[in-house]
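Quick caveat, the model's predicted, so the values are computed rather than measured. Below, chains carry the letters A, B, ... as their sequence lines are ordered, and counting in each starts from 1.
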Amino acid sequence: MEIPYTVSARRDTGLWNAKVGIWLFLASEVMLFGGLFSAYIFLRLDAAAGDWPHGLLNVPVGTMNTAILIASSVTVVLAWAALKMRDLTKYRIYMAITILCGVTFLVVKLAYEWPQKFDHFGAFIKEGALEKYEPYLGNKHLLEEGLAPRKEITGHLHNKDALKDPNVKEYEIALDPVYADPTNRKMDRPHFWPKPATDKIATIEKSDVKYATMCLPKHSSYFASYFTITGLHGAHVLGGVLVFCYMMLPASTRIYRHNPEHLANRVEVAGLFWHFVDLVWIFVFPLFYLL
Amino acid sequence: MVGGTLLLFTAVTVALSYVNFGTQKANVAVALLVATFKAGLVAAIFMHLSAEKRLIYRILIFTGFFVFGLFWLTYLAWYDPIHR
């Protein structure tokens, strides 16, 4: 059976069907991500001063991933334009670059950024014990500057068995630079280039800790929403890559030979989805990495 | 061209996040303003919304309306007597 209106426009809508379809789908996607973003805003605005983590993500890597996605958005337009010019070789090249960009994005996210967080430790100090850890927290200094207090100490956990073994009474942490030098004004705001944990070791007694965990979704509302939204976004990137791969297969070449405009329209629709994924990332990046 | 502009504004977003605009709220507003501008570029040029059929606009007006409603719920929650 021949599917109608893949190329020619329906008289009542003035559009070929897939165009209407993808926009309806994108409209539902807007609601999906919109719900998560509004949840994020709600959690964020309701967090007490000092309860929302800052500077725990790798900004240069996030910036690079943003650039990669934008570049792939450009190449997918070029691939579509190549099809419109009936240049299959060029189309294949641009499509391959797009797929490569998408895969790179995913690899960076899943093989580098996430695992780095899974190995990043944070201990929230009990209200009563904040004074005791003042040398690491520098809250008097922050109060003078009119900034939010620090309630968590982060760094690299040396004795990982402390997480599970109740007989281990303390956490040994190689401190992140902020906590090694908390009263330094340069440490008041996060830096662009992330610095590794210092060799200054802090011992934090478990009895002083309200809650301690790696930077997993359970760490905080911040990481819960970070992993949810970047995870869902990553799934979309993966979906886009799979669709683009299909468009490189012989099946798609056959469609091109049969009617090049048909494949061009398919690429256009997949491209619309890809731009949407790019668009979501444009909001994710500043909200989670920068603010 | 558009890609270049987008890359440039990504750099601008990153740079601006290290500038203190007084309050946290001001910084959030500036970052979201730049992001919205970039999103507008993507939608208008890459997704060629600047020259699209009327039906698509109709779909998007509905979407915009409901998304606005969704964010408005968050706003409503601030006046929830149980929550406060």
Side-chain angles (χ1 to χ4, degrees), chain A residues 9 12-15 19-20 22-24 26-31 33-35 37-46 49 52 59-60 62-63 66-67 69-71 73-78 148 188-192 268 271-272 274-276 278-280 282-287 289-291, chain B residues 1-11 13-20 23-25 27-43 45-49 52-64 66-75 77-78 83:
Chain A
D12 51 357
T13 60
L15 293 156
K19 188 71 161 270
V20 184
I22 193 73
W23 274 110
L24 284 172
L26 290 185
S28 75
E29 291 275 87
V30 168
M31 294 308 286
F33 280 101
F37 274 118
S38 72
Y40 165 88
I41 291 171
F42 183 70
L43 292 167
R44 173 72 184 265
L45 292 180
D46 244 19
W52 199 261
V59 180
T63 311
T66 310
L69 265 200
I70 291 174
S73 253
V74 175
T75 53
V76 83
V77 171
L78 291 174
D188 286 353
R189 288 175 68 78
H191 291 110
F192 179 70
E268 182 177 351
L272 282 172
W274 194 250
H275 298 314
F276 173 78
D278 184 17
L279 200 148
V280 168
I282 285 175
F283 284 102
V284 171
F285 175 61
L287 283 180
Y289 286 74
L290 300 174
L291 297 173
Chain B
M1 231 330 263
V2 187
T5 316
L6 287 175
L7 290 178
L8 183 74
F9 273 91
T10 303
T13 321
V14 176
L16 283 180
S17 80
Y18 295 96
V19 180
N20 199 342
T23 61
Q24 178 69 22
K25 272 189 188 137
N27 272 53
V28 173
V30 169
L32 284 185
L33 221 62
V34 179
T36 310
F37 174 71
K38 281 163 68 183
L41 271 187
V42 171
I45 317 271
F46 280 164
M47 303 171 93
H48 27 88
L49 266 187
E52 196 48 274
K53 291 280 191 309
R54 191 179 291 158
L55 179 71
I56 304 289
Y57 292 137
R58 277 194 196 145
I59 294 172
L60 288 180
I61 287 168
F62 268 104
T63 316
F66 283 113
V67 163
F68 181 77
L70 196 61
F71 281 84
W72 189 57
L73 287 179
T74 315
Y75 182 72
W78 283 81
H83 174 72

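- Between B/F46 and A/H275, the two ring planes are parallel [angle under 30°; tilted spans 30° to 60°].
- Heavy atoms closer than 4.5 Å to chain A are found in both the backbone and the side chain of B/L70.
- Contact of A/L290 with chain B is made through backbone and side chain together, with heavy-atom distances under 4.5 Å.
- Ranked by non-hydrogen atom pairs under 4.5 Å with chain B, the options A/T66, A/D278, A/L15 are led by A/L15.
- Proximity to chain A is limited to the side chain of B/L55, based on heavy atoms less than 4.5 angstrom apart.
- Looking only at side-chain heavy atoms (C-beta outward), A/V280 and A/F276 come within less than 4.5 Å of each other.
- Qualifying side-chain contact (heavy atoms from CB on, under 4.5 Å) partners for B/L8, counting only residues two or more places apart in sequence or in other chains: none.
- Residues A/F37 and A/L287 form a side-chain contact, since some pair of their non-hydrogen atoms from C-beta on lies under 4.5 Å apart.
- Chosen from B/V42, B/I56, B/L73, the residue pairing most often with chain A at heavy-atom distances under 4.5 Å is B/I56.
- Of all heavy-atom pairs spanning B/T63 and A/A27, the tightest one is OG1-CB, 3.2 Å.
- Interface check for chain A: of the options B/E52, B/M47, B/H48, the most heavy-atom pairs under 4.5 Å are formed by B/M47.
- When all heavy atoms of A/P60 and A/F192 are compared, the pair lying nearest together is CD-O, 3.1 Å.
- The shortest distance between side-chain heavy atoms of B/K53 and A/K19 does not fall below 4.5 Å.
- With a 4.5 Å cut-off on non-hydrogen atoms, A/F285 touches chain B through its side chain but not through its backbone.
- Contacts between B/L49 and chain A at a heavy-atom distance below 4.5 Å involve the side chain alone, from C-beta outward.
- Options A/V77, A/V76, A/V30 differ in how many heavy-atom pairs under 4.5 Å they form with chain B, and the most are formed by A/V30.
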